[in-house]
Number of protein chains: 2
Amino acid sequence: MEGHRERKKVRTRRALLEAAVRLFSERGYEQTTIAEIAAAAGVAPRTFFAYFTSKEDVLFLHAEERERTMLDVVAGRRPGEPLGALLSRMFEALVQSLAEDDELDFALSPLRARLMFTEPALRARGLALMMEAQPRVAEALCEVYPELDPVSAGAAVGSFMGALAVAGLVAQQQGGSNEDTLAAGRRGIEIALNGLSSLDGS
Amino acid sequence: MEGHRERKKVRTRRALLEAAVRLFSERGYEQTTIAEIAAAAGVAPRTFFAYFTSKEDVLFLHAEERERTMLDVVAGRRPGEPLGALLSRMFEALVQSLAEDDELDFALSPLRARLMFTEPALRARGLALMMEAQPRVAEALCEVYPELDPVSAGAAVGSFMGALAVAGLVAQQQGGSNEDTLAAGRRGIEIALNGLSSLDGS
DNA sequence: TGCGAAATAGCAATGCCTGCATAAAAGCAG
DNA sequence: CTGCTTTTATGCAGGCATTGCTATTTCGCA
């Protein structure tokens, strides 16, 4: 299972990853070519595509696992658990699943986060990936909450994700620390759960 | 102001627009090349880029006007108007501004709507465009609602847009009529305003 | 009719991405 | 160690979007 071969693959992937993030940060996303990334990682340009499906893809790893996490939370609805509580749990589960991802570890994570919210192309991609999962999450919700109609379920997930996306963006623009981002995320979720109208009183 | 020249420009733009939408619908977005669109419109490929900045751009016209509409609604906050009421008005204003757009008229609109929610690349682009306006709308909100902090304002707008985006998507998947879409949008906004927690009781 | 501005078109180049075919490398017998 | 098999790493050619620069055509107007 883990011979010389496996380790080399991981090393190459890692080299590409780090080269990409470093170059993107130094010169900007658009100004960095795949040829340059490959050169910095010591492989041929063609090889890049053996590890990542596209240039954007380098920064969006394991998106499927995030979706899995969300679906698992929905499937694990506790008896009588209200929708709001479940979505709160979903947020915390997402945070944790990100933290536990070993390929998204410390060295790369802050730079990646900054890039994702800084470069328009990447921001767009991130949004798209997130929303891509929306129909399936909404469908899962419908199954677990039989009283929920599809439009409401969809809107709930959309609202949830929208609040989340923006919280990250705002947090990035301001401080940018992981704690700030987490706090902003919680606040965003809270707002989505309690309703925008609830903001009038505060 | 409106000589032979102007009219010809409008006609060419229109020809490109219709050719693009038609071809996209027939063969799919990815399978249609700009060369084909240009040929169908009777112009050189290079000319396409004199009218639209990109292939995706053909389907997303006047995005700036949508942003204008949103900012205008915010700026026109009525004395003491609650945030929820203002966002409701914002939704209705968006619908109206879309309806009044003469370049997005009947012939093209239904096909465009279908494409926007069907083709992944276009769905992504639509989301990105929508969210692109978010920071400015949120900032405007902050100015009009001094008691609102940036994170809350951002989350509110994000939640609003997320709900909206999804409502459109769901409506498209189901029926697909304009009335359905409008109703789904209203429902989505309602949910975002009242909070996801409010769905538990229904 | 002829001039200056605007619209069209042509050409070349860059860069992402893909399919296909081949070389290089790593496991694995024997 | 050597030849065979399965992966990986490349190379190459091509398709397509997009852009910069230049040439050509077309208008509008004096």
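Quick caveat: nothing in here was measured; it's all calculated off a predicted structure. Sequence lines set the chain letters: A, B, ... in the order given, protein chains first and strands last, and positions in each chain run from 1.
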Quick one: how far along DNA chain D does chain B reach, first to last nucleotide 5' to 3', anything under 4.0 Å to a heavy atom?
D/dC16 to D/dG28
Could you give the CD-to-P distance, from B/Glu30 to C/dT18, as a whole number of Å?
10 Å
Filtered N/O pairs between nucleotides 6-10 of chain C and protein, under 3.5 Å:
| from | atom 1 | to | atom 2 | distance (Å) |
| --- | --- | --- | --- | --- |
| C/dA6 | O4' | B/Arg5 | NH2 | 3.2 |
| C/dA6 | N3 | B/Arg5 | NH2 | 3.4 |
| C/dA7 | OP1 | B/Lys9 | NZ | 2.8 |
| C/dT8 | OP1 | B/Tyr51 | OH | 2.8 |
| C/dT8 | OP2 | B/Tyr51 | OH | 2.9 |
| C/dA9 | OP2 | B/Ala44 | N | 2.9 |
| C/dA9 | OP2 | B/Thr47 | OG1 | 2.8 |
| C/dG10 | O6 | B/Arg46 | NE | 3.0 |

Who are the salt bridge (charged side-chain N to carboxylate O under 4.0 Å, His left out) partners of A/Glu103, not counting sequence neighbours?
A/Arg13
Using salt bridge (charged side-chain N to carboxylate O under 4.0 Å, His left out) as the criterion, list what pairs up with A/Arg11, not counting sequence neighbours.
none
Applying ring-ring contact (aromatic ring centres under 6.0 Å, His included), can you list everything that pairs with A/Phe91, at least two apart in sequence or on another chain?
none
Nearest atoms (heavy-atom pairs only) where A/Phe117 meets A/Leu169
CE2-N, 3.6 Å
The criterion is ring-ring contact (aromatic ring centres under 6.0 Å, His included); which residues satisfy it with B/Tyr145, sequence neighbours excluded?
none
Name the atoms and distances for all side-chain donor-acceptor pairs under 3.5 Å in residues 129-139 of chain A, with sequence neighbours left out.
| from | atom 1 | to | atom 2 | distance (Å) |
| --- | --- | --- | --- | --- |
| A/Glu132 | OE2 | B/Arg123 | NH2 | 2.5 |
| A/Arg136 | NE | A/Glu67 | OE2 | 2.4 |
| A/Arg136 | NH2 | A/Glu67 | OE1 | 3.2 |
| A/Arg136 | NH2 | A/Glu132 | O | 3.1 |

Using the side-chain hydrogen bond (donor to acceptor under 3.5 Å, both in side chains) rule, collect all pairs that involve residues 38-54 of chain B, keeping only residues at least two apart or in two chains.
B/Thr53-B/Asp57
What residue pairs, at least two apart or across chains, pass ring pair (Phe, Tyr, Trp, His ring centres under 6.0 Å) with a residue in residues 15-41 of chain B?
B/Phe24-B/Tyr29
Between atom CD in A/Gln31 and atom C1' in C/dT14, what is the gap in whole Å?
13 Å
Between CZ of B/Phe49 and C1' of C/dT14 the distance, given in whole Å, is 14 Å
With sequence neighbours left out, the residues meeting salt bridge (charged side-chain N to carboxylate O under 4.0 Å, His left out) with B/Arg68 are B/Asp72
What residues from residues 54-61 of chain B pass a heavy-atom cutoff of under 4.0 Å to DNA chain C?
none
Sequence neighbours left out, what pairs pass side-chain hydrogen bond (donor to acceptor under 3.5 Å, both in side chains) with at least one residue falling in residues 148-164 of chain B?
A/Ser159-B/Ser159, A/Arg187-B/Ser152, B/Asp149-B/Ser152
